[in-house]
Amino acid sequence: MTTTAATAHETPCPSCGRPSSGRFCSACGAARLCGRCEAPLSPGARYCHRCGTAAGGRGGLGDRAPWIFAWSAIVVTVSLIAWFVLRKPPEQVRPEMANVGAPEGGGPAAGGGAPPDISQMTPRERFDRLYDRIVRALEQGDTATVVRFSPMAFSAYGMLDTTDALAQYDVGTLHASLGQFTEADALADTIQAAVPHHLFGYMLRGLVAEFKGDKTGLARSQQDFLANYDSEIKARRPEYEIHKPLVDDFHDKAVTAGGR
């Protein structure tokens with residue numbers, strides 16, 4: 001089978017198993033084809049069997065992963081602390097997971113230590129636990145923990161039977177924090193393929209644009225967000241309430257930037 005034929009019809013995604021077409025999975029954003037030679041990737045493959053390029057790479061992007069992580073450390077320290085700190089009290093995003101993985105009564109930093117016991121959890125519980133742990137590490141500038149647990153979170157996401165806008169947005173922010181902008185943008189597209197003007201799509205594109213220093217892209221995402229804000233809030237989607245601090249923060253910044 002040629003690479004042209006592979007892209008002409010849907011085949012199972014090597015990451016989540018869902019039928020899809022194109023270079024990236026429309027369900028989870030994972031790479032389906034090699035970024036260099038476009039050969040189909042095998043399930044769980046880290047490198048292309050044909051040319052050796054890292055899965056998800058483009059002509060050797062995987063070889064530059066350490067530099068991406070180093071760059072992410074700087075960006076996370078300066079930008080993401082302020083972004084994600086809004087998930088902290090007084091308004092908890094997921095109260096039942098607020099102290100997941102943290103030692104009783106304090107102890108070592110929440111981002112470090114042993115991973116939570118996720119062996120008896122459902123795939124969604126595993127993803128939520130790992131996501132919350134990574135967010136705490138991002139807040140603390142602990143990029144070692146982010147790099148350590150992100151693959152586990154991506155794997156848990158790929159095992160979900162179904163995904164919703166909340167899970168897609170959460171995993172998209174993880175991709176963005178690691179400099180995986182193509183995957184983050186693909187998830188923004190997935191969110192708005194289901195709900196065309198979903199605010200999470202604009203927020204995720206705005207986050208990517210902010211990391212890339214793309215002022216034009218950030219302004220466009222803010223304008224689109226504001227143009228659809230009133231009608232979307234009236235829809236009373238539960239995910240907006242769960243991430244209300246993030247939605248409010250993006251709204252305030254968009255208004256301040258002159259979106260309207």
Side-chain angles (χ1 to χ4, degrees), residues 14-16 25 28-31 43-46 54-57 61-62 64-88 92-104 106-160 163 166-184 186-187 204 207-208 211 242-243 246:
S15 177
C16 67
C25 178
C28 69
R46 297 179 59 189
L61 178 59
R64 299 196 296 274
W67 294 104
I68 292 177
F69 292 142
W71 175 88
S72 297
I74 297 173
V75 174
V76 167
T77 301
V78 174
S79 302
L80 264 181
I81 292 177
W83 183 272
F84 283 102
V85 77
L86 293 172
R87 291 172 58 87
K88 302 289 282 183
Q92 293 284 352
V93 173
R94 294 191 179 100
E96 71 280 12
M97 301 177 187
N99 294 312
V100 172
E104 191 72 26
D117 181 6
I118 60 176
S119 59
Q120 303 303 314
M121 299 178 187
T122 65
R124 185 55 182 262
E125 289 173 336
R126 286 197 293 271
F127 172 72
D128 287 340
R129 289 286 184 103
L130 290 164
Y131 175 79
D132 287 345
R133 185 179 185 88
I134 294 167
V135 167
R136 288 196 301 272
L138 288 169
E139 294 168 0
Q140 298 167 359
D142 181 4
T143 54
T145 295
V146 174
V147 173
R148 177 184 178 191
F149 289 109
S150 288
M152 297 170 63
F154 294 146
S155 177
Y157 176 85
M159 295 174 65
L160 297 178
T163 61
L166 180 61
Q168 291 160 355
Y169 175 78
D170 286 349
V171 79
T173 62
L174 295 186
H175 280 301
S177 72
L178 293 174
Q180 299 167 356
F181 301 137
T182 299
E183 290 83 350
L187 283 160
L204 193 51
L207 182 61
V208 169
F211 282 169
I242 293 174
H243 272 338
L246 299 181

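Along the sequence shown, residues are numbered consecutively beginning with 1.
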To the nearest 0.5 Å, atom CZ of R133 lies from atom CZ of R148 at 7.0 Å
A184 and L204 have their tightest heavy-atom pair at O-CD2, 3.3 Å
By side chain to side chain contact (heavy atoms under 4.5 Å, CB included), P151 pairs with (sequence neighbours left out) none
When rounded to the nearest 0.5 Å, the distance separating OH of Y157 from CG of L187 is 5.0 Å
- Item | D132/R136 ion pair, N-O < 4.0 Å | no
What one should report as the nearest heavy-atom pair of R129 and M121 is NH1-CE, 3.2 Å
F154 and H175 aromatic ring geometry - parallel, tilted or perpendicular at 30°/60° bounds = parallel
| request: Could you walk me through whether H243 and D170 pass the side chain to side chain contact (heavy atoms under 4.5 Å, CB included) test, one step at a time? | output: CA-CA 10 Å; H243 272 338; D170 286 349; 2.8 Å; yes
Scanning both residues in full, the closest heavy-atom pair of L174 with A153 reads CD1-CB, 4.0 Å
Heavy-atom nearest pair, T163 first then Q168, reads OG1-NE2, 3.0 Å
Rounded to the nearest 0.5 Å, the CD1 atom of I134 sits from the CZ atom of F149 at a distance of 8.0 Å
| Within the side chain of S150, is there an N or O that forms a donor-acceptor pair under 3.5 Å with the backbone of V147? | no
Output for pair (L207 CG, F181 CZ), nearest 0.5 Å, gives 8.5 Å
